[in-house]
Amino acid sequence: VFKNVKNEKKAVIDKVGKKQFNQAPPTPFDLTTLQVESYRCHRISPKETLSLAQELYTSGVISYPRTSSQQLTPKIGFKKIFSKLSNQDNYASLVKNLLSRKTLKPNDGKKTDPAHPAIYPTGNEPKEMNEREQKVYDLIVKRFMATFSEPALRETMTVYVNCKDEIFIAKGTRTVEKGWHVFYEPYVKIEEEELPSANKDDKVDVKKIYLHDKETLPPKRFTPASIIKELEK
C-alpha cells in the first residue's frame, strides 16, 4: 500500500457517512464509582475520597457513602432534594431546568445494595467545607443532577478517501446536543473531533503519507482508581 501511494499528491473523497447516536446519562454513584471519578477529576486517592465522603455524611449533606448500589429510590424524595439544592447559588439554574420537567427519573445502574441506595446529596446546605470536601461534594451533586437529564446527542462522521485505489479512513465525533453534559460539567471527559465538511468526489491535497511501525504495548500500570475497580471484580 505504501509503495503504491507514497509519491501521490492528490486524492478523492470516495464517500462520506454520518451517524447520530444517543449517549445515555451516567448512573448514580456507588462508592467505587465515586472513588474512581474523584481520582480521575481531582487526583484524590480512593482512601481520602472515602474519608471526605464520610465527613460530608456526618455533617448531613450527603447520604451514607459506603454503598454498592447504583440505584436511587423515589422514597428519598427527588423533588424535595432538588428544591433544597435550588437554594444553593452554584446549582440554582441547573435545578430550575430539572424541576420544570414533568417526570424525574434517574438513569439507574445495575448494581444494588439491599441496605442503602446510591450516594446522593440531601439538599442541606453545607456550613463549612475545606477545598477537598468542596470538590467531592460538587462531584456528587453534579452527578446526581446528570442522572436525571436526557441523553446527549452525538454524531460520528466517517470520510473515505481514495488515493490510487487505496482507501484511507478519517473519523470524527462531535456533540450535537449536550443533554446531560450541561449538568456534569466540568467533569465530562469526551473527545470532540470535528471533521471539515466534505462531499463525495471532492479533491483532497495529500500533504504527507506516513508508514507507522508499531509494537504491541504492555498493559498500563495500575492507578489507585483502576486497582479499586480490579478489587471490586
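Just so we're clear, the structure is a prediction, and the values are computed from it rather than from any experiment.
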Practice task
Verify, without hydrogens or angle tests, whether Arg143 (side chain) and Thr27 (backbone) share a donor-acceptor contact under 3.5 angstrom.
Solution key: yes

Problem - Crowding at CD, Gln20 (>12 non-hydrogen neighbours, <6.0 Å) - result: yes

Handout entry: Close side-chain approach of Gln70 to Asp30, heavy-atom, < 4.5 Å
Key = yes

Handout entry: Heavy-atom side-chain proximity of Ile190 to Gln23 below 4.5 angstrom
Key = yes

Problem - Minimum-distance pair of heavy atoms, taken over all atoms of Pro28 and Leu72 - result: CG-CD1, 3.7 Å

Practice task
Could you tell me whether the side chain of Glu133 and the main chain of Asn130 form a donor-acceptor pair under 3.5 Å?
Solution key: yes

Handout entry: Side-chain touch Tyr39/Glu48, heavy atoms, less than 4.5 angstrom
Key = no

Problem - Sidechain-backbone polar pair: Thr223 side chain, Ser226 backbone, donor-acceptor under 3.5 Å - result: yes

Practice task
Taking atom NZ of Lys15 as the centre, report whether more than 12 heavy atoms of other residues, nucleotides or ligands fall under 6.0 Å from it.
Solution key: no

Handout entry: Partner of Glu232 under side-chain contact (heavy atoms from CB on, under 4.5 Å), chosen from Ile227, Val36, Thr32
Key = Thr32

Handout entry: Same cluster (ILVMFWY, side-chain, under 4.5 Å), Leu31 and Leu139
Key = no

Practice task
Return the minimal non-hydrogen interatomic distance between Ala152 and Trp180, and the atom names on each side.
Solution key: N-CD1, 3.5 Å

Practice task
Determine yes or no for a side-chain-to-main-chain donor-acceptor pair under 3.5 angstrom, with Asn124 supplying the side chain and Gly60 the backbone.
Solution key: yes

Exercise for the section: Output the distance between atom OG1 (Thr122) and atom CZ (Phe144), rounded to the nearest 0.5 Å. Expected result: 10.0 Å

Practice task
Please confirm whether Phe2 and His212 have ring centers closer than 6.0 angstrom.
Solution key: no

Handout entry: Side-chain (Asn22) to main-chain (Ala24) donor-acceptor, under 3.5 angstrom
Key = no

Practice task
Kindly give the heavy-atom pair with the smallest separation between Val141 and Pro121, and that separation in Å.
Solution key: CG2-CB, 3.9 Å

Exercise for the section: Give a yes or no on whether a salt bridge exists between Glu155 and Arg174, defined as a side-chain N under 4.0 angstrom from a carboxylate O. Expected result: yes

Practice task
Could you tell me whether the side chain of Thr67 and the main chain of His116 form a donor-acceptor pair under 3.5 Å?
Solution key: yes

Problem - Test item: Ile119 and Ser63 side chains (from C-beta on) under 4.5 Å apart, heavy atoms - result: yes

Handout entry: Heavy-atom side-chain contact between Asn199 and Ile13 under 4.5 Å
Key = no

Practice task
Under the side-chain contact (heavy atoms from CB on, under 4.5 Å) rule, collect the residues that match up with Thr112, sequence neighbours excluded.
Solution key: Gln71

Exercise for the section: Go through the steps to decide whether Leu98 and Phe183 satisfy the test side chain to side chain contact (heavy atoms under 4.5 Å, CB included), and finish with yes or no. Expected result: CA-CA 10 Å; Leu98 288 170; Phe183 298 89; 3.6 Å; yes

Handout entry: Ion pair check, Arg101 and Glu150, cut-off under 4.0 Å
Key = yes

Handout entry: Intermediate values then yes/no, side chain to side chain contact (heavy atoms under 4.5 Å, CB included), Phe21 and Thr173
Key = CA-CA 10 Å; Phe21 62 95; Thr173 303; 4.1 Å; yes

Practice task
For Met157 and Val16, work out which heavy atoms get closest and say how close.
Solution key: CE-CG1, 4.0 Å

Handout entry: Check: Glu55 main-chain N/O paired with Ser59 side-chain donor or acceptor under 3.5 Å
Key = yes

Problem - N/O donor-acceptor pair under 3.5 Å between Lys171 side chain and Thr156 backbone - result: no

Practice task
Using a 4.5 Å cut-off on heavy atoms from C-beta on, say whether the side chain of Phe78 contacts that of Pro106.
Solution key: yes

Problem - Check: Leu56 and Met129 side chains under 4.5 Å, non-hydrogen atoms - result: yes

Exercise for the section: Considering non-hydrogen atoms only, spot the tightest contact between Leu52 and Ile44 and give its length. Expected result: CD1-CG2, 4.0 Å

Practice task
Measure from the side-chain N and O atoms of Ser38 to the backbone N and O of Gln35, and report whether any donor-acceptor pair falls under 3.5 Å.
Solution key: no

Handout entry: Step-by-step salt bridge (charged side-chain N to carboxylate O under 4.0 Å, His left out) determination, Glu192 to Arg154
Key = CA-CA 10 Å; Glu192 292 288 330; Arg154 305 199 77 216; 3.3 Å; yes

Practice task
Side-chain contact test, heavy atoms from C-beta onward, threshold under 4.5 Å: evaluate it for Pro186 versus Lys142 and give yes or no.
Solution key: yes

Practice task
Mind listing the closest non-hydrogen atom pair of Pro26 and Ala146 along with its distance?
Solution key: CG-CB, 3.9 Å

Exercise for the section: Any pair with a residue in residues 64-87 that passes salt bridge (Lys or Arg N to Asp or Glu O under 4.0 Å), sequence neighbours left out, goes on the list, sorted by first then second residue, please. Expected result: none

Exercise for the section: State plainly whether one hydrophobic cluster holds both Leu104 and Ile76, where clusters connect Ile, Leu, Val, Met, Phe, Trp and Tyr through side-chain heavy atoms under 4.5 angstrom apart. Expected result: yes

Problem - Whether Lys111 side chain and Ser69 backbone form a donor-acceptor pair below 3.5 Å - result: no

